[in-house]
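One structure is given here, and the rest of the page talks about it.
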Amino acid sequence: MAKRMLGDPIGIMDPNQFGFSECIERLINKCNYKIDYDGETHHTTVRRLKSRPYSTLGAKTSCRVIMNRGAHWNPHFNSFFLMVAPSVYLINDMISFKSIDKNCSYGQMHDLGMRIPKTWAIPQHDNSEVTKDPKAKDELIFCYHELFDLKEVGDAVGYPAYIKPQDGGGWVGVSRVENYEELHTAYSKSGKKPMNLQEAIDYTEFVRTVGVGPVMMPMHYNAAAKHSHDRYHRSDTQVVEHNFLSAEHYQEVQRLTKIINAFYGWDHNSCESLIDQEGHVRPIDFANAYPDSSPISLHYYFPELVKAMVKWLTFCAVTNRKKRVDFAYLWPRFFAVAEKLHAGELDYAGAMKEYEAIADEHFDTKAFNEFCAKHMTDFDQVALEFFDSDEFLSILQKDVDDYFSIPQERPQKMAHYTGIFKFWVQCEKDRLGVKA
Ligand SMILES: Nc1ncnc2c1ncn2[C@@H]1O[C@H](COP(=O)(O)OP(=O)(O)OP(=O)(O)O)[C@@H](O)[C@H]1O
Ligand SMILES: [Mg+2]
């Protein structure tokens, strides 16, 4: 008997970046998979989710999985996504990202034993927001505010330190302070956001690990680069360095990111880690609801990110994966391991390994790898052809035109990025053993 053919729509919504969603969409279409799974044939198709009116009573989606990279800024979408959350796999859902800010994630990952730098939370400097309502009563509001000595907080953290918003992004409001005077000045200017003061780590290596499902991709990061789009370059004179980390550090940054992502139910998140002078991995920023996914900044790393997302979307759609809405469901298991760590029954490495096993269970890592090996056998080849095509270059051209506002700069920028992607293509051909 012929198997029933199911259409498994993958939904995409990313109003902020063109290239990422465009490449995902084109690659899914090129794959055009019809996968036999669980007694049925699953045809993976893709569509954009549009902002439009919907009945809130009985809101539904035909999608099995949705990549959401915009609900942060669009409450209309966000409430739709929450309503359909039980029936669709959301990457990412806002339930955890709205409740877990950077500050909270520092404390919880410290509790798990990660080597988080000393970090203090400081209330917002400017309270005009809460007092602007003429009916607001100062005595009711400010009896919950305690006067504090900023100098004591600075001394507890030590200098140099970074003062940064508890829920920031894009380096907005981040300052490095060398002493109390600078801290005072920076805090006085910090405005309406609660801040974190964090010990500055003197590091030998800066790694950003981007996670998609169980795939963890460490990337070198050069915070000293003048322009933000050049920060994933190895240095001012070198674009890419393979094997820039020791095997141990590579594995550890992957492991820590996977643990964080599983702990919070995040399918797409990045973790910034600094490797300190003693060789310890120090995570400094790992709650990023919309990690930078633009080819303009990620350049060489971009194709693997797109590939990982296509694989994860396909796996979730075909296997009809369901997402837990109680994102904290694993916390008791993680904290049980933490207890063993704090009781001295496990060391740091032992605890991280145990956490990773929980994370792999959460992501179904083994099943995912088997699925890709069995059902997406030509995927690397299809992706290689796509990233080697003029079609991809035209997507890149649009991103270059959108990003670089000075028209005269664009031909040189386009040549620069084209060269990088041709290099990726060559490396991939070598890896796959594809003859010229
Ligand atoms: N504890 C620290 N030690 C050393 N450098 C730090 C520390 N905290 C922040 N920095 C520096 O400040 C930069 C911005 O900090 P952070 O990543 O926390 O802010 P952000 O607004 O989230 O930035 P982004 O959006 O790029 O992730 C980091 O990339 C790093 O260069
Ligand atoms: Mg950051």
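Any value given below was found using the heavy atoms of this structure, including those in side chains, with hydrogens, waters and symmetry copies removed. As the structure lists them, so they are numbered: ligands from 1, and atoms in each ligand from 1. For reference, positions follow the sequence shown, starting with 1.
For Arg282, no heavy-atom contact with ligand 1 is shorter than 4.0 Å. Only the side chain of Glu272 comes within contact range of ligand 1, with a heavy atom under 4.0 Å; no backbone atom does. Residue-level proximity to ligand 1 for Trp171 is carried by backbone and side chain together, each with a heavy atom below 4.0 angstrom. Neither the backbone nor the side chain of Arg231 comes within 4.0 Å of ligand 1, counting heavy atoms alone. When heavy-atom distances to ligand 1 are checked against a 4.0 Å cut-off, Asp292 has no atom that comes that close, whether in backbone or side chain.
Donor-acceptor pairing under 3.5 Å is lacking for the side chains of Tyr290 and His268. Side-chain contact annotation: Asp430 with Gln426, donor-acceptor N/O pair under 3.5 Å present. Side chain to side chain, Tyr54 and Ser79 meet the donor-acceptor criterion of an N or O pair below 3.5 Å. Checking Gln124 against Tyr187 by side-chain atom types alone, no donor-acceptor pair falls below 3.5 Å.
By the neighbour-count criterion of 12 heavy atoms within 6.0 Å, atom NE2 of His280 is densely surrounded, having more than that number from other residues, nucleotides or ligands. Counting non-hydrogen atoms of other residues, nucleotides and ligands closer than 6.0 Å to NE2 of His342 gives a total above 12. The local environment of CG in Asp326 is crowded, with over 12 non-hydrogen atoms from other residues, nucleotides or ligands closer than 6.0 Å.
Asp236 and Lys226 are not joined by a salt bridge, as no carboxylate oxygen comes within less than 4.0 angstrom of a charged side-chain nitrogen. Ionic pairing of Lys422 and Asp388 is present here: one or more N-O contacts between side-chain nitrogen and carboxylate oxygen are shorter than 4.0 angstrom.
For ligand 1, the polar-atom distance check against Ala200 finds no nitrogen or oxygen pair separated by under 3.5 Å. Checked against a 3.5 angstrom limit, the closest N/O atoms of Gly170 and ligand 1 fall inside it. In terms of polar-atom proximity, Asn288 is not counted as a contact of ligand 1, lacking any N or O under 3.5 Å from an N or O of the ligand.
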Tyr203 vs Tyr221, test: ring pair (Phe, Tyr, Trp, His ring centres under 6.0 Å). Steps then yes/no. CA-CA 12 Å; Tyr203 58 90; Tyr221 192 76; 9.4 Å; no
Between Trp120 and Asn196, is a side chain to side chain donor-acceptor pair (under 3.5 Å) present by the stated rule, with each step listed? CA-CA 6 Å; Trp120 275 65; Asn196 279 132; over 6 Å; no
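For a distance threshold of 2.8 Å, the protein N, O or S atoms nearer than that to the Mg ion (ligand 2), listed by chain and number, are Glu272 OE2, Asp285 OD2.
Within the structure, the closest approach of Lys118 to ligand 1 does not fall below 4.0 Å when heavy atoms are considered.
With Met217 as the partner, the side chain to side chain contact (heavy atoms under 4.5 Å, CB included) test is satisfied by one option alone out of Thr209, Val253, Val212: Val212.
If you check which protein heavy atom lies closest to atom 19 (O) of ligand 1, you get Val174 CG2, 3.7 Å. From the protein, the heavy atom lying nearest to atom 7 (C) of ligand 1 is Tyr162 CD1, 3.4 Å. Of the protein's non-hydrogen atoms, Lys102 NZ, 2.4 Å is the one closest to atom 22 (O) of ligand 1. When only non-hydrogen protein atoms are considered, atom 31 (O) of ligand 1 lies nearest to Ala223 CB, 3.4 Å. Protein heavy atom in closest approach to atom 8 (N) of ligand 1: Lys164 NZ, 2.9 Å. In terms of protein heavy atoms, atom 16 (P) of ligand 1 is closest to Asp285 OD2, 3.8 Å. The protein heavy atom nearest to atom 30 (C) of ligand 1 is Phe206 CE1, 3.7 Å. The nearest heavy-atom contact from the protein to atom 26 (O) of ligand 1 is Arg208 NH2, 2.7 Å.
By the 6.0 Å and 45° rule, Arg231 does not stack over the aromatic ring of Phe206.
Between the NZ atom in Lys258 and the CG atom in Asp360 there is a gap of 3.5 Å [rounded to 0.5 Å].
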